[in-house]
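Hydrogens, waters and symmetry mates play no part in the numbers below; they use all other heavy atoms, side chains included. Order of the sequence lines sets the chain letters (A, B, ...), proteins ahead of strands, with each chain counted from 1.
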2 protein chains.
Amino acid sequence: MIQNIQIRELTPRHLRQSCSNCSLRELCLPIGLTPDEMQELDTIITQARPIKRGEALYRAGEPFKSLFAIRVGFFKASVISEDGREQVTGFHMSGELMGMDAISSDFHTCDAIALEDSEVCEMPFGEIEELAGDVPILQRHLYKVMSREIVRDHGVMLLLGNMKAEERLAAFLLNLSQRFAIRGYSSSSFHLRMTREEIGSYLGLKLETVSRTLSKFQDQGFIKVQNRLIEIIDSDSLKKLLNNCHGE
Amino acid sequence: MIQNIQIRELTPRHLRQSCSNCSLRELCLPIGLTPDEMQELDTIITQARPIKRGEALYRAGEPFKSLFAIRVGFFKASVISEDGREQVTGFHMSGELMGMDAISSDFHTCDAIALEDSEVCEMPFGEIEELAGDVPILQRHLYKVMSREIVRDHGVMLLLGNMKAEERLAAFLLNLSQRFAIRGYSSSSFHLRMTREEIGSYLGLKLETVSRTLSKFQDQGFIKVQNRLIEIIDSDSLKKLLNNCHGE
DNA sequence: GAATAAAGTTGATCTAGATCAACCAATCCA
DNA sequence: TGGATTGGTTGATCTAGATCAACTTTATTC
């Protein structure tokens, strides 16, 4: 909280206003740019664009032009196999960047669907790239963001390849909780934006298993479930489930 | 084959020799650099370094200094969870780049173990990054390589989250076959560098299931298995398993 | 605000793949 | 060269989670 305020204070007011629709600077772009560099960035980034719940930000197969920074809202990303199976590859919230998978082939490889009314800032990749050539800190930032996505994906592989249903759900809830906390929302009580089926797709489980496991956690007193509202009552027990030492 | 030769011919002989230990230029760095730019790249990339079978190129937790391009050989990358479970996140062969996961946090997040005697070219990231600022084609190439890794990871998630054991194995074999083909090796007959257990870890299966499924494929006449030597006899049937339309 | 559709829960049953176990084959090493 | 270790196969059994099914609750729509 205090840190948030400090960052805000570091940014001259007139510069903040020049991108009034877009809190990108605080959210997902590097601190440390000079005012000139920031100005240049602002000219590249378009005004925030609203995306209604259920709408696609982009779909697999569409030509790639831009990365998108989520200003407010919540998205799912998913790939569809040839035979029509959907795999949710991630849930993304404010401050996160989407579309990096499209750089390699110049078209999008997954769908990005808004799970609530959202706003994104469009960042034309060609221009961002050009600017990055002149601004090392921006270049480095882009590499880091992409690398972080790779690390995250490896974590999901570990989850899908090794973990049992209860562990997957516990990891999922704790991860969401943590990410809400970072954004200044409650870490102990939050609203799930996705269906049980979408959770299941992400975690490699069927929706019935997701539902049952949530009920079980509730019976054990770890959480309280009220439809999509989750209250975390005993996060230590959830963490213990995860670090489950299989013998102690 | 013809294409390979053409690429070679485009590179002046004296430049090729300046990096005699390192066929990076042909393997994993962009075609289209000027001779000067190539020269500069060569001064950055260190001589090829041999890694014996079983040795680690790097391990999770080690500080990050360089990316590594595999010149010859075969590696597995794996993450270990707090409680000691290993998840193989990928198998990597000549021409591929490793270590990109480490950029985000400045230390490696997975182990890279040689599965046969190998050689890598070390590419100090700081210097590569600096050069990339001056050479847009190199910068773009790095973004593309990282993006490709993200797309690959999404494919593995689909596999782990949605596919049955037979589909996973079929996908795995076809993928290996294709990658060997690209490198000029036989696509129909190849040697597995990894154990059944490592295959299982990658595919989210137990080694017994891997073994049984390979035997089943052999019984069905799709492949011939002789210890680690795999001969693909009927790749169409394997592909059909994958695009399995669940009703036809 | 009733009608309809979509999302969620819970129970009964089934099964793919895990686990346990015994054995065989290859390769390593003194 | 021959014993030991590691890797691989195959069978028998078990179980976590899938599947099928009935029902309830919550959204959406006109």
Side-chain angles (χ1 to χ4, degrees), chain A residues 52-55 76 85-88 113 115-117 159-173 191-220 223-230 241 244 246-247, chain B residues 52-55 76 85-88 113 115-117 159-173 191-220 223-230 241 244 246-247:
Chain A
K52 279 240 166 339
R53 184 160 75 90
E55 280 180 14
K76 72 166 174 178
R85 285 178 278 192
E86 179 188 43
Q87 173 69 33
V88 172
I113 310 288
L115 296 183
E116 65 181 27
D117 293 353
L159 181 140
L160 291 172
N162 269 296
M163 291 168 41
K164 317 217 231 41
E166 288 188 25
E167 299 174 308
R168 294 182 199 194
L169 243 313
F172 175 71
L173 292 174
H191 180 81
L192 296 175
R193 272 74 171 179
M194 71 295 280
T195 66
R196 304 287 192 262
E197 187 167 21
E198 287 162 337
I199 297 172
S201 169
Y202 181 58
L203 298 178
L205 302 170
K206 292 294 157 183
L207 67 95
E208 293 95 328
T209 305
V210 172
S211 180
R212 269 186 249 276
T213 308
L214 289 177
S215 299
K216 192 169 178 186
F217 284 172
Q218 178 163 243
D219 293 347
Q220 291 172 310
I223 62 174
K224 195 156 175 303
V225 187
Q226 239 180 311
N227 203 25
R228 293 196 183 180
L229 190 76
I230 298 286
L241 256 177
N244 179 15
H246 295 292
Chain B
K52 278 240 165 342
R53 183 159 77 92
E55 280 180 11
K76 71 166 172 177
R85 286 178 278 191
E86 179 188 42
Q87 173 69 35
V88 172
I113 310 288
L115 296 183
E116 64 181 28
D117 293 352
L159 180 141
L160 291 172
N162 269 297
M163 290 168 41
K164 317 218 227 47
E166 288 187 26
E167 299 174 309
R168 294 182 198 195
L169 244 313
F172 175 71
L173 292 174
H191 181 79
L192 297 174
R193 272 73 171 181
M194 71 294 282
T195 66
R196 304 288 192 259
E197 187 167 21
E198 287 162 338
I199 297 173
S201 169
Y202 182 59
L203 298 178
L205 302 170
K206 292 294 159 186
L207 67 94
E208 293 95 328
T209 306
V210 173
S211 180
R212 270 186 247 276
T213 308
L214 288 176
S215 298
K216 192 169 177 185
F217 283 171
Q218 178 164 242
D219 293 347
Q220 291 171 311
I223 63 175
K224 194 157 176 300
V225 187
Q226 239 179 311
N227 204 24
R228 293 196 183 181
L229 190 76
I230 298 286
L241 257 177
N244 179 16
H246 297 293

Sorted by chain and number, sequence neighbours left out, side-chain contact (heavy atoms from CB on, under 4.5 Å) with B:Arg212 holds for B:Glu208
Checklist entry - What's the verdict on side-chain contact (heavy atoms from CB on, under 4.5 Å) for A:Leu173 and A:Phe217, showing C-alpha distance, side-chain angles and the deciding distance? => result CA-CA 11 Å; A:Leu173 292 174; A:Phe217 284 172; 4.1 Å; yes
Here the distance between atom P of D:dG7 and atom CG of B:Leu229, to the nearest Å, is 19 Å
Rounded to whole Å, the CZ-C1' distance (B:Arg196 to C:dA18) equals 18 Å
Have a look at B:Arg212 and say if it touches a base, only the backbone sugar-phosphate, or nothing, with a 4.0 Å heavy-atom cut-off. base
B:Leu214 atom CG is separated from D:dG8 atom P, nearest whole Å, by 10 Å
In whole angstroms, the gap separating C1' of D:dA18 from CG of A:Leu207 amounts to 11 Å
When rounded to whole Å, the CD to P distance for the pair B:Glu208 and C:dC23 reads 16 Å
Sequence neighbours excluded, the answer for side-chain contact (heavy atoms from CB on, under 4.5 Å) partners of A:Lys216 is A:Glu166, A:Gln220
note: B:Ile223, atom CD1; D:dT9, atom C1'; distance rounded to Å ~ 14 Å
Ranking C:dA7, D:dT10, D:dG7 by distance to the side chain of B:Thr195, first place goes to D:dG7
Salt bridge or not between A:Arg53 and A:Glu116? Use side-chain N to carboxylate O under 4.0 Å. no
Please write out the pairs of protein N or O atoms and N or O atoms of nucleotides 15-17 of chain C separated by less than 3.5 Å, giving the distance to one decimal.
| from | atom 1 | to | atom 2 | distance (Å) |
| --- | --- | --- | --- | --- |
| C:dG17 | OP1 | B:Ala165 | N | 2.8 |

Overall bend of the helix from C:dG1-D:dC30 to C:dA30-D:dT1 (five pairs an end, 10° steps) is 60°
I'd like a list of close polar pairs between nucleotides 27-29 of chain D and the protein, N/O only, cut-off under 3.5 Å.
| from | atom 1 | to | atom 2 | distance (Å) |
| --- | --- | --- | --- | --- |
| D:dT28 | OP1 | A:Arg53 | NH2 | 2.3 |

Rounded to whole Å, the CG-P distance (A:Asn162 to C:dA18) equals 11 Å
Separation of D:dT19 atom P from A:Glu197 atom CD, nearest Å, is 12 Å
If you compare every side-chain N and O of B:Arg228 against the phosphate oxygens of D:dG8 (OP1, OP2), does one of them come in below 4.0 Å? yes
Quiz: residues 194-201 of chain B side-chain donor-acceptor pairs under 3.5 angstrom, not counting sequence neighbours:
| from | atom 1 | to | atom 2 | distance (Å) |
| --- | --- | --- | --- | --- |
| B:Thr195 | OG1 | B:Glu197 | N | 3.3 |
| B:Thr195 | OG1 | B:Glu198 | N | 3.0 |
| B:Arg196 | NH2 | B:Asn227 | O | 2.8 |
| B:Glu198 | OE1 | B:Thr195 | N | 2.9 |
| B:Glu198 | OE2 | B:Lys76 | NZ | 3.0 |
| B:Ser201 | OG | B:Glu86 | O | 3.2 |
| B:Ser201 | OG | B:Val88 | N | 2.9 |

